Trainee: 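Shown below is the structure under consideration.
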Amino acid sequence: MGFSSITSGCGCCSLGWKSSSFLVPLRSNSSTPNGVLVSPTNRFNRLRMIRPYASASSEPLLVKAARGLPVSRPPAWMMRQAGRYMAVYRKLAEKHPSFRERSETTDLIVEISLQPWEAFHPDGVIIFSDILTPLPAFGVPFDIEEVRGPVIQTPIRSEEGLKALHPINLDKVSFVGESLKILKQEVGGKAAVLGFVGAPWTIATYIVEGGTTRTYTNIKSMCHTAPHILRALLSHLTEAIAEYVVYQVKAGADCVQIFDSWGGQLPPNMWELWSKPYINEIVGIVKKRCPEIPLVLYINGNGGLLEKMKGTGVDVIGLDWTVDMADGRRRLGDDISIQGNVDPAYLFSPLSALSDEIHRVVKCAGQKGHILNLGHGVLVGTPEEAVARFFDVARSFNFESVEEKTKVVV
Ligand SMILES: Cc1c2[nH]c(c1CCC(=O)O)Cc1[nH]c(c(CCC(=O)O)c1C)Cc1[nH]c(c(CCC(=O)O)c1C)Cc1[nH]c(c(C)c1CCC(=O)O)C2
């Protein structure tokens with residue numbers, strides 16, 4: 001079955017959003033609702049760009065935090081929260097050993113995406129899929145092998161190779177739209193349904209190298225030996241991915257994460273040339289067509305890129321664990337939301353150490369505009385008990401009561 005029912009515009013468009021942002025003072029007016037005065041020096045530091053959202057109060061916590069709206073606790077989810085560390089997933093994978101089958105069959109996608117939701121009740125339910133899933137829909141066949149991981153049979157490195165590319169045919173990823181629609185119903189607004197895509201540079205690393213690489217030598221040398229071919233490939237990916245984001249939003253995604261996982265492999269000046277412009281274009285297209293949808297940008301190894309990432313116009317920046325959260329907040333300011341940055345290895349540590357680290361990260365991130373998450377995905381072999389603890393600790397925060405204690409009375 002195709003997914004022709006997804007033909008309406010983004011939910012937002014009918015709500016009369018204004019796409020232009022404006023400045024509103026948040027929380028720290030000179031007088032709070034209960035009359036307690038706060039230090040005037042804080043007043044203007046806390047001005048941040050937000051948009052008016054008609055239904056803000058009923059939105060999932062994660063969406064509110066992504067927009068920098070006040071929340072009572074940090075929402076939490078994990079990348080790869082569905083997957084090989086869960087016994088229930090491994091059992092299902094025995095019955096359905098092909099990753100392509102598991103990630104391209106609506107019933108299986110929904111079942112796997114809901115496994116962590118049922119077990120841990122995270123604040124975000126990410127669709128079980130892959131950044132490579134849309135590739136065949138625009139002319140690039142791929143496979144995922146158990147040991148080697150992603151494999152692209154015919155890497156693209158020449159003008160001739162570019163001829164295989166065609167505009168994205170969304171009918172070929174109808175299982176993604178169908179699954180998002182079902183997930184939205186199943187989750188019933190109690191958590192955010194998360195869509196995701198790979199950034200053009202990161203997807204291009206697979207298409208040019210033919211699979212996973214440690215050195216990125218083919219694609220990095222193409223920047224100098226065949227820049228016109230790489231630019232044509234990245235432009236093609238940009239168009240296809242932007243369409244694919246809008247498709248996910250129309251199908252039900254409340255928030256979409258852009259993974260430029262391998263953007264951190266580029267020197268920062270090269271990231272500005274070979275990745276950022278294409279992400280900017282995707283953000284521009286999506287913000288125009290679905291202005292209410294928060295976008296998250298994640299880069300692995302992003303310590304040298306934080307300020308540059310902010311320039312893409314996304315709503316949330318994902319931090320890995322190589323940047324201290326306090327430095328990250330300082331460098332990014334509080335007019336943007338932050339996600340991360342707990343080292344996934346903490347999930348192998350004593351539960352008390354994990355709790356302490358979550359408390360430290362939340363304190364450094366601040367009470368507004370923080371989505372609690374790992375600095376990368378859940379590792380294979382992670383104890384499920386630790387994942388449960390992570391979400392329990394997230395739920396134990398109560399910002400209102402902390403705020404009461406820390407208010408500055410003038
Ligand atoms: C191993 C692998 C795959 N696909 C990919 C790899 C990495 C290979 C490499 O290092 O180059 C490529 C990929 N897939 C995804 C990313 C971006 C996130 C990241 O940095 O890892 C990347 C770089 C998102 C994803 N890929 C997947 C999700 C699942 C959604 C979720 O629960 O978060 C995401 C966000 C699912 C996936 N995708 C794959 C498997 C085996 C799984 C199952 C989950 C698991 O146990 O790891 C295949």
Side-chain angles (χ1 to χ4, degrees), residues 76-93 96-104 108-120 122-135 140 142-152 176 179-180 183 191-216 219 241 244 248 253 255-265 275 296-302 318-321 339-340 344 347 373-382 384 387:
W77 71 282
M78 289 181 187
M79 207 254 286
R80 292 184 192 268
Q81 64 190 10
R84 293 165 286 183
Y85 77 99
M86 286 187 89
V88 63
Y89 174 86
R90 290 197 301 274
K91 202 164 160 216
L92 182 145
H96 304 278
S98 150
F99 179 81
R100 291 282 309 265
E101 185 202 354
R102 292 198 294 280
S103 58
E104 297 181 20
L108 294 177
I109 298 170
V110 171
E111 186 176 346
I112 297 169
S113 308
L114 291 176
Q115 284 174 344
W117 167 242
E118 279 151 16
F120 312 115
D123 296 296
V125 176
I126 185 166
I127 181 169
F128 184 77
S129 186
D130 198 79
I131 58 166
L132 303 180
T133 299
L135 266 55
V140 184
F142 80 100
D143 205 355
I144 299 225
E145 292 179 6
E146 195 58 38
V147 180
R148 280 176 71 198
V151 178
I152 310 282
V176 170
S179 301
L180 285 167
L183 286 173
V193 172
L194 307 176
F196 69 92
V197 295
W201 166 263
T202 287
I203 292 187
T205 66
Y206 291 98
I207 295 178
V208 169
E209 300 287 344
T212 297
T213 172
R214 278 176 198 279
T215 55
Y216 304 85
I219 190 165
I241 293 162
Y244 187 47
Q248 292 188 32
C255 178
V256 175
Q257 176 147 332
I258 302 169
F259 286 104
D260 193 9
S261 294
W262 313 138
Q265 298 294 328
S275 186
V296 186
L297 176 61
Y298 172 81
I299 301 181
N300 197 1
N302 60 6
L319 294 189
D320 66 17
W321 62 88
Q339 178 176 276
L347 297 167
N373 205 311
L374 302 175
H376 198 214
V378 185
L379 296 164
V380 177
T382 297
E384 293 182 45
V387 175

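When a ligand or atom number is given, it counts from 1 through the structure's own listing order. In what follows, residues are counted from 1 in the order of the sequence shown. None of these values were measured; they are calculated from a predicted model.
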Trainee: Which one of Val378, Ile126, Asp130 has a non-hydrogen atom at the shortest distance from atom 4 (N) of ligand 1?
Mentor: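 Looking at heavy atoms only, Asp130 sits closest to atom 4 (N) of ligand 1.
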
Trainee: Judged by non-hydrogen atoms, does His376 sit under 4.0 Å from ligand 1?
Mentor: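 Contact check His376 vs ligand 1: positive.
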
Trainee: Hey, is the main chain of Trp262 close enough, under 3.5 Å, to the side chain of Trp201 for a donor-acceptor pair?
Mentor: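 The answer is yes, because a donor-acceptor pair under 3.5 Å joins these two groups.
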
Trainee: Starting from atom 17 (C) of ligand 1, locate the nearest protein heavy atom and write down its residue, its atom name and how far away it is, to 0.1 Å.
Mentor: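 Result: Ser261 OG, 3.3 Å.
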
Trainee: Can you spot which of Leu183, Leu108, Val193 makes a side chain to side chain contact (heavy atoms under 4.5 Å, CB included) with Ser113?
Mentor: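 That would be Leu183; it is the only one of Leu183, Leu108, Val193 passing the side chain to side chain contact (heavy atoms under 4.5 Å, CB included) with Ser113.
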
Trainee: Among all protein heavy atoms, pick out the one at the shortest distance from atom 22 (C) of ligand 1; state its residue, atom name and that distance to 0.1 Å.
Mentor: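 Residue, atom and distance for the closest contact: Ile131 CD1, 3.5 Å.
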
Trainee: Quick check on contacts: which atoms of ligand 1 are under 4.0 angstrom from a heavy atom of Gly83?
Mentor: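 Those of ligand 1 that fall under 4.0 Å from Gly83 are 44 (C), 46 (O).
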
Trainee: Within the 4.0 Å heavy-atom shell around Gln81, which atoms of ligand 1 are there?
Mentor: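 Listed by number with element, the hits are 31 (C), 32 (O), 33 (O).
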
Trainee: Using modelled atom types only, decide if a donor and an acceptor are shared between the side chain of Asp123 and the backbone of Ala76 within a distance under 3.5 Å.
Mentor: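 Such a contact is found between Asp123 side chain and Ala76 backbone.
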
Trainee: Could you list the atoms of ligand 1 found under 4.0 angstrom from a heavy atom of Ala82?
Mentor: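 Counting atoms of ligand 1 from 1, those under 4.0 Å from Ala82 are 32 (O), 44 (C).
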
Trainee: Give the ring-plane orientation class for Phe259 versus Phe196, where under 30° counts as parallel, over 60° as perpendicular and anything between as tilted.
Mentor: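 If you compare the ring of Phe259 with that of Phe196, the planes turn out perpendicular.
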
Trainee: Determine, using heavy atoms of Ser129 and all atoms of ligand 1, whether some pair is separated by less than 4.0 Å.
Mentor: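 It does; at least one heavy atom falls under 4.0 Å.
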
Trainee: Between atom CG of Asp143 and atom CG of Leu132, what is the distance when rounded to the nearest 0.5 Å?
Mentor: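 Rounded to the nearest 0.5 Å, the CG-CG separation comes to 10.5 Å.
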
Trainee: Looking only at non-hydrogen atoms, which of Phe99, Trp262, Phe196 approaches atom 24 (C) of ligand 1 most closely?
Mentor: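 Shortest heavy-atom distance from atom 24 (C) of ligand 1: Phe196.
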
Trainee: Among the heavy atoms of Pro150, does any lie under 4.0 Å from an atom of ligand 1?
Mentor: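 It does; at least one heavy atom falls under 4.0 Å.
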
Trainee: Among protein heavy atoms, which sits nearest to atom 15 (C) of ligand 1, and what does the distance come to when rounded to 0.1 Å?
Mentor: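 Answer for atom 15 (C) of ligand 1: Arg80 NH2, 3.4 Å.
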
Trainee: Would Thr212 count as a polar contact of ligand 1, with the cut-off being nitrogen or oxygen pairs under 3.5 Å?
Mentor: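 Yes, Thr212 has an N/O under 3.5 Å of an N/O on ligand 1.
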
Trainee: Which word best sums up how the rings of His376 and Tyr298 line up, parallel for under 30°, tilted for 30 to 60°, or perpendicular for over 60°?
Mentor: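 Aromatic pair His376/Tyr298 classed parallel.
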
Trainee: State whether a side-chain donor-acceptor pair under 3.5 Å links Ser275 with Asp260.
Mentor: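 Ser275 vs Asp260: donor-acceptor pair found between side chains.
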
Trainee: Examine the side chains of Trp77 and Gln339 and answer whether a donor and an acceptor come within less than 3.5 Å of each other.
Mentor: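 There is such a pair between these side chains.
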
Trainee: In the protein, which heavy atom is nearest to atom 41 (C) of ligand 1, and how far is it?
Mentor: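 Ranked first by proximity to atom 41 (C) of ligand 1 is Arg84 CZ, 3.9 Å.
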
Trainee: If we ignore hydrogens and angles and just use 3.5 Å, is the side chain of Gln81 paired with the main-chain N or O of Gly124 as donor and acceptor?
Mentor: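 Looks like yes, one N/O pair under 3.5 Å.
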
Trainee: Flag yes if more than 12 heavy atoms outside Glu146 fall under 6.0 Å of its CD atom; otherwise flag no.
Mentor: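 Atom CD in Glu146 is not packed in, count stays at 12 or less.
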
Trainee: Tell me whether ligand 1 is touched by Ile144 - counting only heavy atoms on the residue side and a distance under 4.0 Å.
Mentor: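 For ligand 1, residue contact (heavy atoms, under 4.0 Å) with Ile144 is present.
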
Trainee: Among Arg84, Gln115, Arg102, which residue meets the side chain to side chain donor-acceptor pair (under 3.5 Å) test with Tyr89?
Mentor: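 Exactly one candidate clears the test, Arg102.
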
Trainee: For atom 11 (O) of ligand 1, what's the nearest protein heavy atom and its distance?
Mentor: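 Its nearest protein heavy-atom neighbour is Tyr206 OH, 2.6 Å.
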
Trainee: Touching ligand 1 at all, Ile127? Heavy atoms, strictly under 4.0 Å?
Mentor: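 Yes.
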
Trainee: As an exercise, identify every atom of ligand 1 less than 4.0 angstrom from a heavy atom of Phe128.
Mentor: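 Near Phe128, the atoms of ligand 1 are 43 (C).
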
